[in-house]
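As C-alpha cells, the structure follows; a few thoughts come after it.
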Amino acid sequence: MGPTRLRYTMIGFILGVFLVYLKDLPLGEGTRFAAPFYGAGIGLLIDGIILRMKQRKGKEE
C-alpha cells in the first residue's frame, strides 16, 4: 500500500471514529459504528480519483 493511499485511508477512518462519538447526530447505531469503515472506503475512492487525475495529466504532457 503506497503512502498516499494509506494516508487517505487513515484520514477517512479517523473522521469515521469521530462520527461514532457524536451521539447527537440523527444516525442509526449500526451506521454510526460502521462509519470508520465507510470513511476508510471513501478515503480509498478519493485516492483512486487523485491517482487517475495525475496519470491523465502526465499523459497529456
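Because the structure is predicted, anything quoted here is derived from the model rather than measured. Heads up: numbering here begins at 1 and tracks the sequence.
Considering only residues two or more places apart in sequence or on other chains, Ile49 meets the side-chain contact (heavy atoms from CB on, under 4.5 Å) condition with Met53. With sequence neighbours excluded, the residues satisfying side-chain contact (heavy atoms from CB on, under 4.5 Å) with Ile50 are Tyr8, Ile46, Lys54.
Hydrophobic clustering, defined by side-chain heavy atoms of Ile, Leu, Val, Met, Phe, Trp and Tyr closer than 4.5 Å, groups Val20 together with Phe33. Leu15 belongs to a hydrophobic cluster with Ile11, Ile14, Phe18, counting contacts under 4.5 Å between side-chain heavy atoms of Ile, Leu, Val, Met, Phe, Trp and Tyr, direct or through other members.
Side-chain atoms of Thr31 and Tyr38, non-hydrogen and from C-beta on, do get closer than 4.5 Å to each other.
Put simply, CD1 on Ile42 and CG on Asp47 are 14.0 Å apart, with the number rounded to the nearest 0.5 Å.
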